[in-house]
Every structure is written in structure tokens, then in C-alpha cells.
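Worksheet: the structure to be examined is printed underneath.
Here, residue 1 is the first one in the sequence, and each next residue gets the next number.
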Amino acid sequence: MSVDYVVASLQPLSFDGPAPYTLEQFVEQTGPIELPPRWTDLETQLRNAIAAARGGEKWKRPAAGCDLYWQNRVAAAFAEKDPLKRETLVDRVFWDAAGELTPVASPLSAGALQTYYLRLKIALKRNRASAAAGNAAFDRLTAATKQVL
């Protein structure tokens, strides 16, 4: 099956909406997705910018290139005081960065499939986060403290 047909047949994907597939369903439908070295470099730059924003310069890894646009986007996300909003902004930076893999001239290419794969992973991560899950994690982490009191 051709890549353009597979890309055209995928369900729409939304940053804030439910993910239309599990990762297993997606890989079953498309086959394994191999990400290009360009994504590895961009992801490393983003993670380095996150480390810098958190004050962990020593955790930075070598990366090819230096894209100030993405570094500034991460820095702007970390300027947000609300942790939930900050995490949403960081997810949005990764979502937008994944779009760099889709060439403008060929929106149904292998790059579009790679973009969809990365964005699906972000959507699935965001779908797992909920107030109930957050409260359960908080209760689990503070349970020992509550017993002492």
C-alpha cells in the first residue's frame, strides 16, 4: 500500500481531542515508523532547551544545529507559572516541531506519516492525563504524610 494512501486514510488528529488510535493500532495499520535523524537532532535541541529552562545545563546532550526559534518557544513555555499550562505549552512545542517532518510540497509523504506518529504519541500522553489520575497520584504520594498526622 502506498504511503500517500495510508496518510490520506488516517483519522483526523487533534491536540486537545481524543486519540483515534492506540499506538499498537496505528503501527498495525501503517507498519513500523522509522524517525529520521533530523527528528533526533530537533528533539535533542528541545530537550536541551527544557534542561536549560529547569537549570540543568549539565544534562544537555550534543545536538547537530541550533534552532533559536524552538529554544525560545521552550523558554516562553517555562515562563508560565501554572504547571498544567506549562506542560500544555511544552506539549504544543513538541506537536509543532513534529510538523517540521512534513514537507510543505508533499503533505502525503513519509514525513507526514512520521509527523502523525509523533503527534499521536503526544495525543495519547495528553489523553492519559486527567484530574482523577492526578488526584490519585497526589493521594498516593502524600499517603505516608497523612498517616503521620
| Nearest heavy-atom neighbours spanning A77 and V90 | CB-CG2, 3.9 Å
| field | Gap between atom CG of L42 and atom CH2 of W70 - 0.5 Å precision | value | 6.5 Å
| request: Look only at the side chain of T115 and the backbone of A98, and say whether a donor-acceptor pair between them is shorter than 3.5 Å. | output: yes
| Closest heavy-atom contact between A19 and A123? | CB-CB, 4.2 Å
| said: For the residue pair D4 / S2, report whether a side-chain donor-acceptor contact shorter than 3.5 Å exists. | reply: yes
| task | Return the minimal non-hydrogen interatomic distance between Y116 and P20, and the atom names on each side. | result | OH-CG, 3.4 Å
| field | Exam field: side chain Q114 to backbone E34, donor-acceptor pair closer than 3.5 Å | value | yes
| request: Answer yes or no: is there a side-chain heavy-atom contact under 4.5 Å between D91 and E87? | output: yes
| For the student: nearest non-hydrogen atoms of A110 and V3, plus distance | N-CG1, 3.5 Å
| Hey, mind stepping through L10 and F26 against side-chain contact (heavy atoms from CB on, under 4.5 Å) and telling me if it holds? | CA-CA 9 Å; L10 293 172; F26 177 76; 3.9 Å; yes
| said: Pair D96, R73 - check side-chain contact (heavy atoms from CB on, under 4.5 Å), show working. | reply: CA-CA 10 Å; D96 293 346; R73 290 267 317 260; 2.7 Å; yes
| said: Can you list everything that forms a ring-ring contact (aromatic ring centres under 6.0 Å, His included) with W95? Sequence neighbours excluded, please. | reply: F15
| request: Show your reasoning for whether side-chain contact (heavy atoms from CB on, under 4.5 Å) applies to R126 and T88. | output: CA-CA 8 Å; R126 293 184 54 74; T88 299; 3.6 Å; yes
| message | Between Q29 and Y21, is the side-chain contact (heavy atoms from CB on, under 4.5 Å) condition met? List the steps. | response | CA-CA 10 Å; Q29 187 174 357; Y21 308 103; 3.3 Å; yes
| task | Identify the two heavy atoms, one from A8 and one from L108, that lie closest to each other, and give their separation to 0.1 Å. | result | N-CD2, 4.2 Å
| said: Could you check whether any side-chain N or O of S109 sits under 3.5 Å from a backbone N or O of G111, counting only pairs where one atom can act as donor and the other as acceptor? | reply: yes
| message | So, taking the atom named CD1 in I33 and the one named CG in L120, what distance separates them when rounded to the nearest 0.5 Å? | response | 10.0 Å
| When you check the gap from the basic side-chain N to the acidic O, do R38 and E43 get nearer than 4.0 Å? | no
| According to a 4.5 Å side-chain heavy-atom criterion applied to Ile, Leu, Val, Met, Phe, Trp and Tyr, with indirect links allowed, do V93 and L35 form part of one hydrophobic cluster? | yes
| task | Tell me whether Y69 is reachable from F78 by hopping between hydrophobic residues (I, L, V, M, F, W, Y) whose side-chain heavy atoms are closer than 4.5 Å. | result | yes
